[in-house]
Amino acid sequence: SCGALWEFFCLLLLCPHLSNTCKAIPLDFVFVIDSSRSIRPHDYEKVKTFIINLLQFLKIGHDATRVGLLQYGSVVQPEFSLNTYTTKAEVEQAVKNMKHLATGTMTGLAIEYTMETSFTEEDGARPANLHIPRIAMIVTDGRPQDTVEEIAAQARQAGIQIFAIGVGRVDMDTLKTIGSEPHSEHVHLVANFSQIETLISVFQSKLCGEIDYCDLGNHGCEHDCVSIPESYICRCKKGYVLNLDGKTCSKIDHCADGTHGCEQEFMNTDDSCVCKCREGFTLRPDGKTCKSLDLCQTVDHGCEHQCVSTTDSYICKCFEGFMLAEDGKSCKKCGDGVMDLVFVIDGSKSLGPANFELVKQFVNGIVDSLDISRPGSHVGLLQYSTKVRTEFTLGQYTTAQAIKQAVSRMQYMGRGSMTGSALRHMFEFSFSVKEGARPNIPRVSIVFTDGRSQDDVSEWANKAKNSGVTIYALGVGKAIEQELREIASEPDEKHLYYAEDFENMGEITKKLKSRICKGPSHLIYSFPTEKPSDENMCQCENVIMFQNQVTEKLKDLVQNNILF
């Protein structure tokens, strides 16, 4: 419209004093631009013009505002990072050189990339303790083809202030799930791309005005954040007091005087101190003492595998594939098979430190089921995120204890999820002679993932399988079924496990046992086609035991809330 055009012309040319009202507040600013096929070429050029005009209100430089930009369709294409350019002219030229992708609309994937990569120090974002505002401006013209609500919430919690701009028939509710609050300040919808320029003056006031440090989301206040000029303070809810760190809050301690008389544990409620018991106990009617429910939880039973409580005592049991030794406590194995086993473990940010510890327990549980020795089975492990790290090779350790200690020492990477890169590393290096792989020894890989990979998995999974590696794909949470099938060996229904569905696992185990023991197999062991000997049947039992260990450990992950 003429009014909008005149307003824009005034801002840029006739009213230079307006641009001087911008305070020199340094920002880390990333544009996230929808480049889907629904955007027509001349509308795509209008988006580029909008970006260039908006840059006029930013003082760009290494110690001023840093600007990055990515566009997305079916994939994310980073154009330049926060540390790529240091002048406004360079940024403008890079925007002009952008090419239209004209593919799908994976908005959730773009937000995930922005959070996990664009706002990292490696890509130019300044350390969080400097309190440089981190701002993402997302421009989209359509409905996302993936989910955005959860990943956008995670981005906001990570301290990213999100402006969501919708053009055309974008659903306003979707925009609100993306943008920061208050939505009146961060969410904008215009009818078409010709009207996007009307937002210039709106964003001038937002980018040039006072920064609400509480809105940025990185204040760290446990309860409430209150903005003050050029900073913020934390406050606690009623019934709590602010700790010395100025951020966290402590509930008023009704148990502090020590008169509660609790036998085991105690806890504060809103208005009193109450007694509680440890796991395996229940509170007696007196409200203070505890009674045991499970004797296995209260005594040093000495059972090697499992302790099962009876009415007034307990008995020891062994996992499938083992039998109880004469001492009634330890378990002995049937003859163990031999393999070179490489774990490929997801260490991405979506897993979280607590769940990563559960995965380490899962790995050590599998190790416990193998005969680890120089002539026996060998184990290696890779952890991957946006990079791949060899934690230890097949030739590095020859005892289960040494492997378990190495697993316990692993440091959580906590970045993106590049499963394809991890499969490539496994194929090219992990089963090499240099890293300890042995000739004529079955090669097995267990690939653990909890979400969508940010790169292709099929190419390197197929190369590994074609080279003779048997791959088990273990998915939890938001793992993608199609990716798991591309990773797993064939038939994939016997090499693919998913942590949310264990109803048919027992039947799968029976079928696997029947298939391995009746004839030749490329899975782990090869057996003669004649009637199996006792030794071969024993090896079969060990394979099934191995499968059941995988199943049981995955169940543990579910029971310990690794799935949300």
Side-chain angles (χ1 to χ4, degrees), residues 1-15 18 29-58 67 69-77 79 91-92 94-111 114 135-146 148-149 152 161-180 182-208:
S1 67
C2 293
L5 182 61
W6 170 251
E7 178 184 39
F8 177 63
F9 186 69
C10 171
L11 287 172
L12 294 186
L13 300 176
L14 299 182
C15 307
L18 289 180
F29 196 117
V30 175
F31 289 94
V32 183
I33 304 304
D34 185 344
S35 188
S36 57
R37 64 176 63 91
S38 60
I39 299 176
R40 293 172 293 184
H42 62 277
D43 286 335
Y44 182 74
E45 293 302 316
K46 291 176 183 177
V47 174
K48 292 161 69 171
T49 300
F50 170 73
I51 296 170
I52 292 171
N53 291 338
L54 200 59
L55 293 174
Q56 309 312 311
F57 304 118
L58 302 176
V67 177
L69 187 147
L70 61 90
Q71 58 176 332
Y72 68 93
S74 299
V75 297
V76 175
Q77 178 170 303
E79 296 294 336
V91 175
E92 289 180 359
V95 172
K96 292 176 182 178
N97 293 338
M98 285 167 47
K99 302 297 183 184
H100 190 195
L101 299 180
T103 55
T105 313
M106 300 296 284
T107 310
L109 187 64
I111 297 173
T114 303
I135 295 177
M137 180 172 287
I138 300 173
V139 180
T140 180
D141 85 320
R143 185 183 298 274
Q145 294 174 332
D146 56 357
V148 297
E149 182 173 3
Q161 187 175 5
I162 302 179
F163 290 95
I165 301 175
V167 182
R169 298 182 179 180
V170 183
D171 178 48
M172 178 57 84
D173 290 337
T174 299
L175 290 178
K176 289 180 178 179
T177 65
I178 297 174
S180 297
H183 291 147
S184 60
E185 298 291 326
H186 296 88
V187 177
H188 301 274
L189 179 61
V190 293
N192 52 57
F193 284 95
S194 296
Q195 293 187 12
I196 197 170
E197 289 292 351
T198 63
L199 298 177
I200 289 291
S201 59
V202 175
F203 283 110
Q204 181 198 15
S205 63
K206 295 183 189 304
L207 298 177
C208 299

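The chain is numbered in sequence order, starting from 1.
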Quick one: [atom1] on [X] to [atom2] on [Y], what's the gap to the nearest 0.5 Å?
X: T49; Y: F193; atom1: OG1; atom2: CZ; answer: 12.0 Å
X: N53; Y: I200; atom1: CG; atom2: CD1; answer: 5.0 Å
X: Q161; Y: F29; atom1: CD; atom2: CZ; answer: 9.5 Å
X: I39; Y: T140; atom1: CD1; atom2: OG1; answer: 7.0 Å

Applying side-chain contact (heavy atoms from CB on, under 4.5 Å) between M137 and each of L54, I51, V30, V32, report the one that passes.
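That would be L54; it is the only one of L54, I51, V30, V32 passing the side-chain contact (heavy atoms from CB on, under 4.5 Å) with M137.
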For side chain to side chain contact (heavy atoms under 4.5 Å, CB included), just list the numbers for Y44 and M98, CA-CA rounded to whole Å, side-chain angles, deciding distance to a tenth of an Å, and then say yes or no.
CA-CA 10 Å; Y44 182 74; M98 285 167 47; 3.3 Å; yes
Output yes when a side-chain donor or acceptor of [X] lies under 3.5 Å from a complementary backbone atom of [Y], and no otherwise.
X: Q71; Y: K99; result: yes
X: E45; Y: P41; result: no
X: S35; Y: L101; result: yes

Is it the case that more than 12 heavy atoms not belonging to Q145 sit under 6.0 Å from its CD atom?
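Yes, because the 6.0 Å sphere around CD of Q145 holds more than 12 heavy atoms from other groups.
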Nearest heavy-atom pair of T114 and A136: which atoms, and what distance?
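Shortest heavy-atom separation between T114 and A136 comes out as CG2-CB, 4.3 Å.
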Decide yes or no on side chain to side chain contact (heavy atoms under 4.5 Å, CB included) for I111 and T107, but give the supporting numbers first.
CA-CA 6 Å; I111 297 173; T107 310; 4.2 Å; yes
Measure the shortest side-chain to side-chain distance between V139 and F31 over non-hydrogen atoms and say whether it is less than 4.5 angstrom.
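No - every pair of side-chain heavy atoms lies 4.5 Å or more apart.
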If we only count heavy atoms from C-beta on, is the N192 to D43 side-chain gap below 4.5 Å?
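N192 does not reach D43 side chain to side chain.
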Given V75 and T103, is the side chain to side chain contact (heavy atoms under 4.5 Å, CB included) satisfied, shown in steps?
CA-CA 8 Å; V75 297; T103 55; 5.6 Å; no
Just list the side-chain donor-acceptor pairs under 3.5 Å for residues 163-174, sequence neighbours left out, or say none.
{"unit_1": "D171", "atom_1": "OD2", "unit_2": "T174", "atom_2": "N", "d": "3.2"}
{"unit_1": "D171", "atom_1": "OD2", "unit_2": "T174", "atom_2": "OG1", "d": "3.1"}

